*Asks:* 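Here you go, one structure.
Values below: all heavy atoms of this structure, side chains included; hydrogens, waters and symmetry mates excluded. The structure displayed is predicted, hence computed values, not measured ones.
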Amino acid sequence: MPGIVLFCAGVVVSLAASWLLVSRLERLGERAGFSEAWLGLVAALAADAPEITSSVTALARGQASVGAGVVIGSNVFNLAALLGLAAVVAGWIGFHRRVVVLAGVPAVWVAVVCLLTVAAVVAPAVGLVLAAVVLVPYVGVLGMRRARMERLRLPARWVRWLVAAVHEEETELAEAIRPRPGTWRDAVAAAGALVVVVGASTVMEVAATAAGRRYGVADIVTGGLVLAVVTSLPNAVSAVYLARRGRGAAVLSTALNSNAINVVAGLLIPAALAGLGPGSGQGVLVAAWYAGLTVLALALAYRGRGLGRGSGTAIIAGYLAFVTALIVTVQQGETRAATAVFPAAAMAGAGALLLTRPARSRTAAASPGGLWQRESVLPGWSIGRLWRLSLILCGVVAACDAASGPHLTLIGLLIAGPCCALLTARWALTAAASGFAELLGVVLGVPDQIFATVTQYAFLAAVAAVGTTATVGAAVLQYQRP
């Protein structure tokens, strides 16, 4: 009981001090002449202080599961709360596609580097270098004034795109972050708040770990769920507030930049100095969900030029699937293939359906015709009918394969889906069908008893090759047709 009381006290003090730290650092950044984008980065860094401190404390104490869990679990929760929940509450968050690409490319890169580092494919120091390769230019561009950006030695078209993307992001951030210039009092307050955040977050992490072990809670659950959610609550409230005011770019940049800062400052830097410890399947599972949900959220945001309630619900469902998968692996005592693959495959299938449904205008209803009713390459067949057939073919092959078990492997026949989708002459639909076939091929490795073997890799490579070829062919057909 004393440990729980100490944990709750640490949470309250840490979050309150982090709020004070954010407001004072914003004022100091305004005094220093930071751009709106840099002010957003400073605010994200200050708001992430509890997660970063908790992670560093855990890694320093040799508790790699807690340390990595706090950072990566917090990032998964950020995607669900800052983007998913905000979209559901606000009803719609509009994004400029340039802003999605500008913030999304570094976000996906950092998520992949995080996964490779946690899976011990690359050393933490190498992961830090890989992250810096993209983040340093990204932060540099965000801090440039327009005149300086226009002098970059890049093709004129690239420069115009960068100027427009940064301008679109800063326009909304200027509305969301409008601090007055700071004084020496703000500097003193920021220094004091930082000390309090560090101290309270350290107490919070130690108390949570001790309480978790006392009550038999796994370290990865303590870090990846309990500490991750608690330390991210202020960001979630802020995102909902901004979303309701229509500040889509501010919501997106807050979520993605916060996640990138978490990984670099809370995981890669301390791990490069003190080591990450032995890897675990549960840690890799958390990192894989972080990367996958990042890609899904960005794809939905780019496809629809924003996130509506449907997309937001899908992102939240992804987080709940992640929680379920993590708890099941903890109860099983190991990360089994079925537990890791099936929830991810279900979310990927739902995401593919959302990505390929026709986009609807928010100002007027879609016309009765539209993409789905247009005639495909196959006479008498509409695009929608043919694409649904491609998914059904994949489903039938998968059902027959799963029913036959290891006696009959039909993964190679999944190429029927992409080949059928090719006749829609729509590269996006063909790519979605190809991805669906590839995911089914991964899942079918379990009943076929060839999961993660050379045989499965050969089948998956064949399906991927046919899917890629079909997608390219559909793109050629699409641009040749009127």
Side-chain angles (χ1 to χ4, degrees), residues 97 295-296 299-306 308 310-311 313-314 344-404 408-444 447-448 459-482:
R97 280 186 168 176
V295 173
L296 174 62
L300 291 173
Y302 185 87
R303 170 68 175 81
R305 299 179 185 272
S311 299
T313 301
M347 280 309 306
L353 292 176
L354 283 173
L355 288 171
T356 53
R357 70 178 182 178
R360 294 185 179 272
S361 170
R362 302 195 72 242
T363 58
S367 61
L371 174 65
W372 293 133
Q373 301 303 320
R374 296 179 187 175
E375 187 173 11
S376 66
V377 175
L378 191 63
W381 284 69
S382 67
I383 289 177
R385 184 183 178 189
L386 200 56
W387 186 70
R388 287 191 292 271
L389 177 62
S390 70
L391 299 184
I392 291 173
L393 287 175
C394 289
V396 170
V397 171
C400 294
D401 186 296
S404 64
L408 185 62
T409 301
L410 302 176
I411 295 177
L413 295 181
L414 291 172
I415 63 173
C419 291
C420 180
L422 167 63
L423 299 177
T424 65
R426 288 296 183 273
W427 70 266
L429 298 180
T430 307
S434 302
F436 183 58
E438 193 74 12
L439 283 170
L440 289 177
V442 174
V443 175
L444 290 174
D448 288 341
F459 277 121
L460 293 178
V463 174
V466 173
T468 302
T469 304
T471 301
V472 173
V476 173
L477 292 174
Q478 179 174 342
Y479 291 107
Q480 285 181 345
R481 300 186 77 194

*Asks:* Please report the closest heavy-atom contact between Tyr302 and Arg97, naming both atoms and the distance.
*Replies:*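 Between these two residues, the closest heavy atoms are O-NE, 2.8 Å.
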*Asks:* Enumerate donor-acceptor pairs with a distance under 3.5 Å from any side-chain N or O in residues 408-424 to protein atoms, sequence neighbours excluded.
*Replies:*
from: Thr424; atom 1: OG1; to: Ala421; atom 2: O; distance (Å): 2.6
from: Thr424; atom 1: OG1; to: Arg426; atom 2: N; distance (Å): 3.3

*Asks:* Give every donor-acceptor pair under 3.5 Å between a side-chain atom in residues 463-477 and any protein atom, sequence neighbours left out.
*Replies:*
from: Thr468; atom 1: OG1; to: Ala464; atom 2: O; distance (Å): 2.8
from: Thr469; atom 1: OG1; to: Ala465; atom 2: O; distance (Å): 2.8
from: Thr471; atom 1: OG1; to: Gly467; atom 2: O; distance (Å): 2.8

*Asks:* Run the side-chain contact (heavy atoms from CB on, under 4.5 Å) test against Arg385 and tell me which residues pass, sequence neighbours left out.
*Replies:*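 side-chain contact (heavy atoms from CB on, under 4.5 Å) list for Arg385, sorted by chain: Trp381, Ser382, Arg388.
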*Asks:* From Ile383 CD1 over to Leu378 CG, what is the distance, rounded to the nearest 0.5 angstrom?
*Replies:*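 Reported value, rounded in 0.5 Å steps: 12.0 Å.
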*Asks:* Distance check, rounded to the nearest 0.5 Å: Leu389 atom CG versus Ser376 atom OG?
*Replies:*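 Leu389 atom CG to Ser376 atom OG measures 10.0 Å (nearest 0.5 Å).
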